[in-house]
Protein chains: 2
Amino acid sequence: MARQLARTAPLAAKWRKLAEGRCAEKGERLTPARLAVYAEMLARRRAVSAYELIGLLEKRQERKIAPLTVYRHLDFLIRTGLVHRLQSTQTYLPCDHPDQAHESQFLLCSSCGNVDEVESTGLEALLSRIADERGFRPDNAVVEVKGLCGACAVEEQD
Amino acid sequence: MARQLARTAPLAAKWRKLAEGRCAEKGERLTPARLAVYAEMLARRRAVSAYELIGLLEKRQERKIAPLTVYRHLDFLIRTGLVHRLQSTQTYLPCDHPDQAHESQFLLCSSCGNVDEVESTGLEALLSRIADERGFRPDNAVVEVKGLCGACAVEEQD
DNA sequence: GAACGATACGTTATATTGTATCCTTCGTTG
DNA sequence: CAACGAAGGATACAATATAACGTATCGTTC
């Protein structure tokens, strides 16, 4: 197992602490395999598909990894709020707001692929109100805006 | 071709007119095959997956239909605003607001599967503002709220 | 109406994303 | 350490979506 640990992407203490904290809160176990997947995602800091992630992990660990394995780890990471799934691109992104669990909204740049995670309580409130008016009891909301990020919008003007 | 037309789901004049109007606006062609897919979707009036739709069409037309065919028709229907794609369930739903093109938000019931299409200009405005504050130039927004519809929420109380 | 370009359609194969099943391993707890 | 439940692994497969290529159809222009 020491070998496997040695082949995990470097993980800043900040993120490790965060993961430990979340697991403690939710009564989940933070295993090396789970941590390895999280570390790999943090090493990229961008949205990756599940299969991209498999490739990255296989390369780092020099062994085959079954899709199901990664999907289970992703489930875990999403359950604990450490990772978000972007529905409109079927990709996964480590949460960028370590402070506390929350609902997020995302701005996806269709040019450079960058994703900006934002948190608007105003938007959440409005969504709640809209649901409420229709007798709908909301559980969770997917809000993903596609467009051009600031940098790419500027470039395009030229 | 008469055979194929005969095996198209019935399509109320209202929806046919709508499709014709949208095509005229956008310079698209409204072919029998496209209309058949639209009619099939309207006959269900609920969100269906692409492969469900293939099955329905194959049954009605008594012949094999390649996935790509249906995906192309779906592209067309989405382009013309006649159909929405629900990102969080990878399903497709005929638009329920025939008046004019628009951005929609969706309330998806996780119990009965019903989808309520709503249109909130307030929400759109807020999303624009959030994007604008970050220099993001929005193109289109995915807003999909999962939860329990009124009817299912009541049932669950028992 | 013949020729042409653009759009739509069909077929085959394949890529991508995600699950089912079954068994093994690990960690805790008594 | 025995027993139990959670986590991990292997194999197979299901579901969703696209690539590449050729053919047919439509609309225009001559």
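Lettering of chains follows the sequences in order, A, B, ..., and the numbering in each one begins at 1. Side chains are part of it too, since the values below use all heavy atoms of this structure and drop only hydrogens, waters and symmetry mates.
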J.: For B/K26 and C/dT7, give me the distance from atom NZ to atom P, rounded to whole Å.
T.: 16 Å

J.: Nearest whole angstrom, please: distance from the P of C/dA8 to the CG of B/L74.
T.: 15 Å

J.: Using a 3.5 Å distance criterion without hydrogens, assess whether the side chain of B/R22 forms a donor-acceptor pair with backbone atoms of B/T80.
T.: yes

J.: Could you tell me whether A/H84 and A/Y92 have their ring centroids closer than 6.0 angstrom?
T.: no

J.: Figure out the CZ/P separation between B/R34 and C/dG10, and round it to whole Å.
T.: 11 Å

J.: Is A/E28 paired with A/R79 through a side-chain N to carboxylate O contact shorter than 4.0 Å?
T.: yes

J.: To the nearest Å, give me how far apart NE2 (A/H73) and P (D/dG9) are.
T.: 6 Å

J.: Output the single nucleotide from C/dA8, C/dC9, D/dG9 whose closest atom is nearest the side chain of A/R63.
T.: D/dG9

J.: Mind calculating the distance between CZ (A/F76) and P (D/dA7) to the nearest angstrom?
T.: 8 Å

J.: Using a strict 4.0 Å threshold on nitrogen-to-oxygen distance, state whether B/E144 and B/R85 make a salt bridge.
T.: no

J.: Less than 4.0 angstrom from a charged side-chain N to a carboxylate O is my criterion; do B/R63 and B/E58 meet it?
T.: no

J.: Please list, for nucleotides 13-16 of chain D, all pairs of protein and nucleotide N/O atoms separated by less than 3.5 Å.
T.:
unit_1, atom_1, unit_2, atom_2, d
D/dT16, O3', B/Q90, NE2, 3.1

J.: Could you tell me whether A/R16 atom CZ has more than 12 heavy atoms of other residues or ligands within 6.0 Å of it?
T.: no

J.: Starting at CG of B/D75 and ending at P of C/dC9, how long is that distance when rounded to a whole Å?
T.: 12 Å

J.: In whole angstroms, how far is the P atom of D/dG27 from the CD atom of B/E28?
T.: 13 Å

J.: What is the separation between atom CD on A/Q61 and atom P on D/dG8, rounded to the nearest whole Å?
T.: 12 Å

J.: Hey, which sits more toward the 5' end of DNA chain C by its nearest nucleotide, B/R29 or B/L68?
T.: B/R29

J.: Checking only heavy atoms, does the side chain of A/R72 share a donor-acceptor pair with the base of D/dG9 at less than 3.5 Å?
T.: yes

J.: Do any side-chain atoms of residues 124-136 of chain A form donor-acceptor pairs under 3.5 angstrom with protein atoms, and if so which ones, sequence neighbours left out?
T.:
unit_1, atom_1, unit_2, atom_2, d
A/S128, OG, A/E124, O, 3.2
A/R134, NH1, A/I130, O, 3.1

J.: Over all strands shown, is B/T69 touching base, sugar-phosphate only, or nothing at heavy-atom distances under 4.0 angstrom?
T.: base

